[in-house]
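All values below were derived from every heavy atom in this structure, side-chain atoms included, with hydrogens, water molecules and symmetry-related copies excluded.
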Amino acid sequence: MIEYLNGEIGELEPTRAVIECSGVGYGVNITLMDYAALQNLKQVKLFVHESIREDAHDLFGFLSRQSRELFRMLIGVSGVGPNTARIIMSSLTADQLVDAIATDNPAALKSVKGIGGKTAQRIIVDLKDKIKSTDITLPTSGTVASEAFDDACAALVMLGFNPQASRQALKKIFTDSPGLTTEKAIKLALTML
């Protein structure tokens, strides 16, 4: 299983990127939100979800682990496949999507092309508790802060701190100082936890 791809952007289209890693070009499906962030980058790290079917082996790439987790939650909903989930994540920012699910707002989901009332309601019903239990928070996607946030959160959890409390502390830290390194963010978080 591919966890992430770290390499040069060989080609970039609004819904697809080719990431060159050690001489191999991987075609990765991306969201429009990530496309905007990728336009000015030469090197990128994309967290990957593999979708393997009889007729296709597709890779879906995201600039943060949290976005990939949100994508995986969406495809776990009956009637929502990988392409539908990608359309949802291309139409709504991750924060808007999390907010729509958490606040029981089907109108926001129905604004996405191809999502009807039943599907919107099913997404909310299936994911509302999961969103609350995982407390997905999404720092600015595609920045150094995003990677530092992920690494700092993983380190704090490995040290035995509550994942939800760690994310909340780090979200506040990176909101106040988005350019922090992983080490400095961990030190600040330790004073807050």
Asker: State, with a plain yes or no, whether a side-chain heavy atom of Ile52 is found less than 4.5 Å away from one of Asp58.
Answerer: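 Ile52 does not reach Asp58 side chain to side chain.
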Asker: Using the side-chain contact (heavy atoms from CB on, under 4.5 Å) rule, take Arg16 and Glu11 through it: C-alpha gap first, then chi angles, then the decisive distance, then the call.
Answerer: CA-CA 8 Å; Arg16 187 172 178 274; Glu11 297 174 26; 4.3 Å; yes
Asker: Can you pull out every side chain to side chain donor-acceptor pair (under 3.5 Å) where at least one residue sits in residues 35-47? Sequence neighbours excluded, please.
Answerer: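 As it turns out, the side chain to side chain donor-acceptor pair (under 3.5 Å) pairs with a partner in residues 35-47, which skip direct neighbours, are Tyr35-Gln39.
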Asker: With sequence neighbours left out, write down each residue that passes side-chain hydrogen bond (donor to acceptor under 3.5 Å, both in side chains) with Glu20, or none if nothing qualifies.
Answerer: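 Here no residue qualifies.
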Asker: Would you kindly confirm whether Leu38 and Val48 end up in one hydrophobic cluster when ILVMFWY residues are joined by side chain heavy atoms under 4.5 Å apart?
Answerer: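 Yes, Leu38 and Val48 fall within the same hydrophobic cluster.
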Asker: Take atom CD of Glu50 as the centre, draw a 6.0 Å sphere, and report whether it contains more than 12 heavy atoms from other residues, nucleotides or ligands.
Answerer: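 Check passes, neighbour count above 12.
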Asker: Of all residues at least two apart in sequence or in a different chain, which pass the side-chain hydrogen bond (donor to acceptor under 3.5 Å, both in side chains) check with Tyr4?
Answerer: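 Not a single residue meets the side-chain hydrogen bond (donor to acceptor under 3.5 Å, both in side chains) criterion with Tyr4.
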Asker: Closer than 3.5 angstrom, by distance alone: can the side chain of Gln96 be matched with the main-chain N or O of Thr93 as a donor-acceptor pair?
Answerer: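 Side chain of Gln96 to backbone of Thr93, a donor-acceptor pair under 3.5 Å: yes, one is there.
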Asker: Who pairs with Arg122 by side-chain hydrogen bond (donor to acceptor under 3.5 Å, both in side chains), at least two apart in sequence or on another chain?
Answerer: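 None.
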Asker: Among Leu12, Leu63, Asn6, exactly one meets side chain to side chain contact (heavy atoms under 4.5 Å, CB included) together with Val44. Which residue is that?
Answerer: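 Filter result, single survivor: Leu63.
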Asker: Distance from Asp104 atom CG to Asp99 atom CG, nearest 0.5 Å?
Answerer: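 The CG atom of Asp104 sits 11.5 Å away from the CG atom of Asp99.
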Asker: Nearest 0.5 Å, what's the CG-CG distance between Leu97 and Leu109?
Answerer: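 Between Leu97 CG and Leu109 CG, I get 6.0 Å after rounding to 0.5 Å.
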Asker: Anything under 3.5 Å between a donor and an acceptor, one on a side chain of residues 153-161, the other on a protein residue two or more places apart or in another chain? List them.
Answerer:
none

Asker: State which residues pass side-chain hydrogen bond (donor to acceptor under 3.5 Å, both in side chains) with Arg72; sequence neighbours excluded, sorted by chain then number.
Answerer: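 With neighbours one apart ignored, the set is His49.
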Asker: Looking at side-chain heavy atoms only, is the closest gap between Asp34 and Phe62 below 4.5 Å?
Answerer: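 Touching, per the 4.5 Å side-chain cut-off.
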Asker: From Glu69 CD over to Ile131 CD1, what is the distance, rounded to the nearest 0.5 angstrom?
Answerer: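 That separation rounds to 8.5 Å.
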